[in-house]
2 protein chains.
Amino acid sequence: MQTLNVDLGERSYPIHIGQNLLAQPLLAPFIKGRQVMVVSNETVAPLYLDKLMSQLSGFQVDMIILPDGEAFKNLDHVNRIFDALLEKRHNRTTTLIALGGGVVGDMTGFAAACYQRGVAFIQVPTTLLSQVDSSVGGKTGVNHPLGKNMIGAFHQPQVVLADTDVLATLPERELSAGLAEVIKYGLIHDAEFLAWLEENMSALRRRDAGALSQAIYRSCEIKAEMVALDERESGVRALLNLGHTFGHAIETDQGYGQWLHGEAVGAGTMMAADLSARLGWLTQADLDRVRKILQAAGLPVQPPASMSSERFVELMAVDKKVIDGSLRLVLLQQLGKAVVTSDFPAERLTETLTAGECLGQL
Amino acid sequence: MQTLNVDLGERSYPIHIGQNLLAQPLLAPFIKGRQVMVVSNETVAPLYLDKLMSQLSGFQVDMIILPDGEAFKNLDHVNRIFDALLEKRHNRTTTLIALGGGVVGDMTGFAAACYQRGVAFIQVPTTLLSQVDSSVGGKTGVNHPLGKNMIGAFHQPQVVLADTDVLATLPERELSAGLAEVIKYGLIHDAEFLAWLEENMSALRRRDAGALSQAIYRSCEIKAEMVALDERESGVRALLNLGHTFGHAIETDQGYGQWLHGEAVGAGTMMAADLSARLGWLTQADLDRVRKILQAAGLPVQPPASMSSERFVELMAVDKKVIDGSLRLVLLQQLGKAVVTSDFPAERLTETLTAGECLGQL
């Protein structure tokens with residue numbers, strides 16, 4: 001087991017990463033009161049709930065099992081968590097434990113942020129995406145019919161358990177979706193890690209425990225470094241959104257849950273790389289590397305053919321990254337170095353949005 | 001105009017108190033972006049919205065008018081604020097302005113805390129209760145069918161305008177409800193202020209502007225002092241809940257909105273004083289002063305006759321002040337000095353809960 005400390009002053013917390021963590025007594029030291037509410041979903045609970053429960057004896061443990069999927073990440077389902085907490089009379093010393101992927105984690109974290117104006121929570125992410133993304137940063141929240149993640153709070157967990165064993169049951173598409181974020185960390189911040197990923201992509205896809213641990217550790221480390229510099233996302237942290245503004249537009253257009261978040265980020269990353277190249281920052285060889293590693297990870301490298309340039313612009317206009325009317329995008333100055341900018345000619349963006357089959361070809 | 005600075009480090013903000021503040025250009029310096037969403041209700045908007053709008057020229061001003069009353073302080077109505085923000089494409093630099101009483105303030109503040117994980121908000125409280133209570137402390141939130149204020153966040157405003165002129169249209173009952181909180185500040189923290197209130201109660205009830213300003217200023221000052229010591233309510237701030245655990249039980253039993261919050265706090269304060277006397281901390285003369293000033297303010301000094309001791313215990317058990325099963329109450333060690341304690345014989349509490357007509361008589 002490796003442990004990474006996320007350094008946020010009095011809100012610091014550890015991430016434990018490794019094999020067979022679920023049944024080890026790692027959580028009890030972080031549970032302050034006597035009450036625990038486990039939040040999971042219909043897919044994950046049958047697989048891993050019993051194992052988790054084995055380390056929670058001695059507490060009042062209640063649970064709520066939500067339906068599985070991004071389509072249920074909304075205020076109504078957070079309200080069901082509140083219902084359960086109040087029916088079981090959980091007080092402000094309770095601890096919420098999220099056992100599941102990003103959707104469960106985001107909703108549980110948001111419920112914890114708001115229940116009695118803030119209670120403790122613990123993350124046990126069961127997808128690669130949530131292990132490398134929601135483990136760090138404290139972002140919680142839900143979707144609104146008019147925009148993704150529009151309602152939420154910053155709320156840090158007490159501890160995170162990233163158990164690589166649970167990835168054994170993860171569907172192929174979801175593993176790929178997680179790899180989209182892993183690749184992102186290399187692209188925005190660490191060319192050496194990007195090269196390591198190019199070499200180890202097949203080991204990662206066959207779920208080699210050692211390779212997974214290493215990829216998770218370095219991904220969380222990069223994110224933690226950026227979050228520590230910028231907990232409330234006013235500066236450097238925005239770089240973590242590479243591919244996300246395009247990706248959110250794809251998810252919204254297609255309806256939440258049709259494209260996985262990581263798949264949309266994969267295509268969005270290719271779009272960001274394409275625009276970066278049109279601005280003269282990336283070479284054709286760079287673009288080819290980006291396409292190749294996304295494809296090796298099993299990710300789409302183009303947006304849906306049905307999405308027009310106008311549709312993208314319309315949807316990106318409500319993205320949180322719009323400040324006073326100008327669209328800010330994360331682009332690549334080189335492989336391993338990203339920048340946030342609104343200083344690009346609108347025609348270059350239009351070229352990227354209309355490139356279709358030619359996306360990634362200068 | 002007097003200005004009180006609430007000292008919370010980088011979250012510090014001013015409260016302006018006085019006559020005719022609504023139409024003065026006091027808000028613009030605190031609006032960072034170009035977008036403003038005014039949230040008000042059907043009672044207050046026709047009276048004061050135009051006046052407020054006169055100081056917002058030059059901004060994109062949108063508004064949402066909610067139904068009036070505690071019964072609407074729930075997630076559904078907060079969601080209507082989110083709908084309006086997203087329909088009008090407000091970004092994360094937007095500022096929400098709450099024009100109304102505590103319900104509007106609590107919902108608007110909570111919406112601001114959660115919209116895009118936190119945007120700015122401004123309070124323009126239009127009831128005495130909200131001027132002396134929600135102006136300070138950053139508590140925001142909504143009710144749940146199983147408990148009052150169970151869902152919320154701590155979120156500080158940029159500035160508060162407490163205009164005494166708007167109290168001219170406040171119904172008599174609501175003025176009294178606000179005075180319950182004013183009296184509370186004297187009881188828990190300042191015997192001299194309590195004596196001042198005894199002398200000035202008739203001036204306050206005939207809405208003398210000078211007396212009101214002074215009462216609001218000193219109330220906010222006492223609350224600000226306590227909140228500055230304890231922003232997240234782990235210690236001294238709990239003293240502000242004098243009468244509230246009993247009061248919340250009354251409100252829940254009667255259905256939100258039947259008893260005004262301040263009326264329930266009035267009866268709850270009498271119950272807390274009664275229990276304090278049974279513990280030997282207050283004299284019969286003290287109890288008589290408490291009853292007399294509550295009555296002079298036009299407040300009830302007994303709970304509803306229909307509420308049994310068992311019903312109180314049941315409802316108080318879900319109150320946020322319960323920690324690990326033991327009920328903690330704010331009681332009076334003497335007039336002007338309060339304490340939080342769970343160290344009292346259950347029989348004394350039962351005596352208070354069953355006192356009926358004899359409440360406040362040793």
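Quantities reported herein were computed from a predicted structural model and do not represent experimental measurements. Chain A is the first sequence line, chain B the second, and so forth, proteins listed ahead of strands; every chain is numbered from 1.
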Quick check against the 3.5 Å criterion: does Lys223(A) have a side-chain atom that pairs as donor or acceptor with the backbone of Val136(A)?
yes
Chain B heavy atoms under 4.5 Å from Thr94(A): which part of the residue, side chain, backbone, both or neither?
neither
Who pairs with Thr95(B) by side-chain hydrogen bond (donor to acceptor under 3.5 Å, both in side chains), at least two apart in sequence or on another chain?
none
Taken in chain and number order and not counting sequence neighbours, the residues that satisfy salt bridge (charged side-chain N to carboxylate O under 4.0 Å, His left out) with Asp62(A) are none
For the backbone of Val119(B) and the side chain of His155(B), can you confirm whether one donor and one acceptor N or O come within less than 3.5 Å of each other?
yes
Okay, Asp83(B) and chain A: the region with an atom under 4.5 Å from a heavy atom over there is both
Applying a strict 4.5 Å limit to non-hydrogen atoms, the region of Gln60(A) in contact with chain B is neither
